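Step one of this worksheet: look at the structure below.
Everything numeric in this text was worked out from a predicted model, so none of it was measured. Numbers restart at 1 for each chain; the letters A, B, ... are given by sequence-line order, proteins then strands.
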There are 2 protein chains.
Amino acid sequence: MLSNSSKYALKAVLYLALNSDESRKILAKNISEPINVPRAYIAKLLQELSRHNLVSSTRGPKGGFFLNVENRAATLIKIVDVIDGDHRLRSCMLSLKECNEDHPCPLHGLVGNAKSNFIKNLEKTTINDLAIDLEQQKSFLPV
Amino acid sequence: MLSNSSKYALKAVLYLALNSDESRKILAKNISEPINVPRAYIAKLLQELSRHNLVSSTRGPKGGFFLNVENRAATLIKIVDVIDGDHRLRSCMLSLKECNEDHPCPLHGLVGNAKSNFIKNLEKTTINDLAIDLEQQKSFLPV
DNA sequence: TCTTAAATATGACATTTGTCATAGTTTAAG
DNA sequence: CTTAAACTATGACAAATGTCATATTTAAGA
């Protein structure tokens, strides 16, 4: 449903949401360890997100990654679409070209509206929303 | 969520459910075309299913693949588990080790019980159930 | 201005998944 | 009992995904 890469990306962004701001930038190598993702790999993903303005960064001494207000207001779906493309998440359970409510594939009913609900949630939930949940211990990230 | 392989396997088994029985066996190469999956690839998947008694086969002249009564009563989850293993489908949205209702990952709420419902449906729906849907045109398989 | 610390770009490498071909084995039929 | 038709086993190859290393660019501070 989600690739490993977008899972990693989401974890990294959430970590930044909790621990960074413009005056508290974080090095790629210092994100890698707490979210348990290889250093060079998470760097690559963050670069991709940075190119799409989903995370902020500055280079040079005192540089690093962080989330600004705009980044925090972005919805989760943007991260997934940048990393996975928009097809993976939305294709039918049997990858049929023509599968919809009126012309469902055999598995369609088994999934019900579960999947479209999930996508809608990704579309309306922001990074900030999830960060608040984490801060209030309504959800948990570690290992 | 499901690998390509298990999608193919499901399509092949459904095709057999609709078009085969002990006296109407079907050659691997004659399954390949209607479900639009490469011949040698579907053969390999059917062999795996055959080894696990999820499809029936006989070799030699007049041989081929077919579904017996027992095969038709098997639930969908068995096919998915044989092809994908049992981890892929059941792992958490962020692949966290410890993620459950009491200790949810940040995405847990976005999926809700959608996923567990889907799995339950796979566990209780049989090949035969889906075949009936198809025959009654409640669902559709082709391209 | 020079040095150094950091992101960035690029691309090599590994692993997994998906695809295909070949040779071997079984069995019905004559 | 021979032949040929089919599945079966094995493994090679390709593509996608995931992992890592190196060289380049940028910017802060002395």
Q. Hey, which of these two, A:Lys44 or A:Phe65, hits DNA chain C nearer its 5' end, going by closest nucleotide?
A. A:Phe65
Q: Scan B:Arg39 against the nucleic acid and name what it touches under 4.0 Å (heavy atoms): base, sugar-phosphate only, or nothing.
A: nothing
**Q.** Phosphate OP1/OP2 of D:dT8: any B:Ser50 side-chain N/O under 4.0 Å
**A.** yes
Q) Looking across every strand, which nucleic acid part, if any, lies under 4.0 Å from B:Ala43 by heavy atom: base, sugar-phosphate, or nothing? A) nothing
Q.
So B:Ile26, base contact, sugar-phosphate only, or nothing? Heavy-atom distance under 4.0 Å.
A. sugar-phosphate
Q | Side-chain N or O of A:Arg51 closer than 4.0 Å to phosphate OP1/OP2 of C:dA9 | A | yes
Q: Count the heavy atoms belonging to other residues, nucleotides or ligands that lie under 6.0 Å from NZ of A:Lys78, then report whether that count exceeds 12.
A: no
Q.
If you compare every side-chain N and O of B:Ser5 against the phosphate oxygens of C:dT17 (OP1, OP2), does one of them come in below 4.0 Å?
A. no
**Q.** Residues A:Arg24 and A:Asp21 bridged, charged N to O under 4.0 Å
**A.** yes
Q. Over how many whole Å does the gap from A:Lys29 atom NZ to D:dC20 atom C1' extend?
A. 16 Å
Q | Side-chain N or O of B:Ser57 closer than 4.0 Å to phosphate OP1/OP2 of D:dA6 | A | no
**Q.** Modelled atom types, side-chain donor and acceptor of B:Tyr41 and B:Ser32, under 3.5 Å
**A.** no
Q: Return yes when atom CZ of A:Arg72 has more than 12 non-hydrogen atoms of other residues, nucleotides or ligands closer than 6.0 Å, and no otherwise.
A: yes
Q: Report the distance from atom CD1 of A:Ile83 to atom C1' of D:dG18, rounded to the nearest whole Å.
A: 12 Å
Q. Quick one: B:Asn30 CG to D:dA5 P, roughly how many Å, whole number?
A. 14 Å
Q: Please state how far atom CG in A:Asn36 lies from atom C1' in D:dT19, giving the value in whole angstrom units.
A: 14 Å
(Q) How many whole angstroms separate atom CD of A:Glu48 from atom C1' of D:dT17? (A) 14 Å
Q: Determine: side-chain N/O of A:Tyr41 to OP1/OP2 of D:dA21, distance under 4.0 Å, yes or no.
A: no
Q: Report yes if the side chains of A:Leu134 and B:Pro106 come closer than 4.5 Å at any heavy-atom pair, otherwise no.
A: yes
Q: Rounded to the nearest angstrom, tell me the gap between atom CD1 in A:Ile42 and atom P in D:dT17.
A: 17 Å
Q: Would you mind reading off the distance between A:Leu2 atom CG and D:dT17 atom P, rounded to a whole angstrom?
A: 13 Å
Q: Identify which nucleotide among C:dT26, C:dA21, C:dA5 has an atom closest to any side-chain atom of B:Ala40, counting heavy atoms from C-beta outward.
A: C:dA21
Q. NZ of A:Lys7 versus C1' of D:dT17: gap in Å, rounded?
A. 13 Å
Q. Can a salt bridge be assigned to the pair A:Glu123 and A:Lys120 using a cut-off of 4.0 Å between side-chain N and carboxylate O?
A. no
Q. A:Leu27 has a side chain; which of C:dT27, C:dA6, D:dC7 sits nearest to it?
A. C:dA6
Q) Which part of the nucleic acid, if any, lies within reach of A:Leu45 when heavy atoms closer than 4.0 Å are counted: base, sugar-phosphate only, or nothing? A) nothing
Q. Which of the following nucleotides, D:dA9, C:dT4, D:dT17, is nearest to the side chain of A:Pro61?
A. C:dT4
